[in-house]
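Report on one structure; see the data block that follows.
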Amino acid sequence: MRIEKNLRYIMDDNVSPYFSNAGLVSNTDMNQSCSNEAPSCGKRLEKSFFDKKSTTLAKELLGQILVRKVDGSLLRGMIVETESYLGENDVASHSYNGKRTPRNEPMYMAPGTLYVYSIYGMYYCLNISSQGEGSCVLIRSLEPIEGIDEMIAGRSFKRTSKSRPLKEHELCNGPSKLCLALNITKDLCNKVDATTSDEIWLESGRSVPESDIVTAKRIGIESAGHEWANKPLRYYIFKNKHVSVKDKKAEASYCN
DNA sequence: CTACGGATGCCCT
DNA sequence: GGGCATCCGTAGA
């Protein structure tokens, strides 16, 4: 029943090469389904993958798979939008000026460590620590791959019977939406080492060519001032429906 | 499509 | 006490 419903979603929204075989059930199937994409597809990303400066990591995380175990079932989403936070020199970073508090401690931990913080009293954002003191990558959007029904259940928070049903591309198209969909909370995931955890980790997906990466300004940091608010430190996959905010000007130079 | 107000509570000063 | 790397519903073009 659940699989049947998932498949229907996939059929309705079959835009990603990742979905070519619609393998939704097990790790084994996943590996088989993308064996033509990349030799390492479906393998856990190791420490060395994360040990890069945040701008590089932010781009290389595009196309990779975030995996979360919820009540014994696996939820998977492909990362389609990220932001780089540079550390002590970045006015918009929680670690600006080398600021270090109990909240942002994970930003200073080993690359691959998750930094989950609460925002606006009711939401969370997920970051991954990168190379460099106090720098990290914010995960802004996912394209759901597996566990759609669980994601819908997670996103029912704050929604009523009057609310319009969510479309698939609305499940994870925002930093706090994806945390709701994948049950990522500070209590459960903050400071977790994603290279060793059995509850949340990353797997290699497809590699996104530079020509498919749109570079744009970051979202929601106007208070950092124009100069830093406008730095091109947000990255997303061109034409992907699951991106939270598109930048038409940045996309104008792309074809198709 | 964009604009805006309200929700809601943690964290730092 | 004020700010916040957000989301949602409504209003209007």
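Because only heavy atoms are used, hydrogens play no part in the values below, and waters and symmetry mates are left out as well, while side chains stay in. Naming: A, B, ... by sequence-line order, numbering from 1 per chain.
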Tracing side-chain contacts under 4.5 Å among Ile, Leu, Val, Met, Phe, Trp and Tyr outward from Leu138(A) reaches Tyr85(A), Ile221(A)
If the test is side-chain contact (heavy atoms from CB on, under 4.5 Å), which one of Ile213(A), Val80(A), Thr82(A), Asp247(A) qualifies with Tyr236(A)? Asp247(A)
Write down the distance between CG (Asn97(A)) and P (dT13(B)), rounded to a whole number of angstrom. 11 Å
Secondary-structure stems, DNA chain B, at least 3 Watson-Crick or G-U base pairs under 3.5 Å: B:1-7 with C:6-12, B:9-12 with C:1-4
Cation-pi check for Phe49(A) against Lys52(A): NZ or CZ below 6.0 Å from the six-membered ring centre and within 45 degrees of the axis, yes or no? yes
For Glu105(A), side chain to side chain contact (heavy atoms under 4.5 Å, CB included) partners two or more places apart: Lys191(A)
Find out if a path of hydrophobic residues (ILVMFWY) with successive side-chain heavy-atom gaps under 4.5 Å connects Leu61(A) to Val245(A). no
Given a cutoff of under 4.5 Å between side-chain heavy atoms of I, L, V, M, F, W and Y, with clusters grown through shared members, what are the other residues clustered with Phe157(A)? Met107(A), Tyr108(A), Tyr115(A), Tyr117(A), Ile119(A), Tyr120(A), Met122(A), Tyr123(A), Leu180(A)
Walk along nucleotides 4-13 of chain C from 5' to 3' and tag each nucleotide B, S or - by protein heavy-atom contact under 4.0 Å, base first, then sugar-phosphate. BBBSSSS---
Let me know the distance between CD of Glu105(A) and C1' of dC11(B), rounded to the nearest Å. 15 Å
Pair Asp90(A) + Arg218(A): basic N to acidic O under 4.0 Å: yes
Glu46(A): what forms a side chain to side chain donor-acceptor pair (under 3.5 Å) with it, not counting sequence neighbours? none
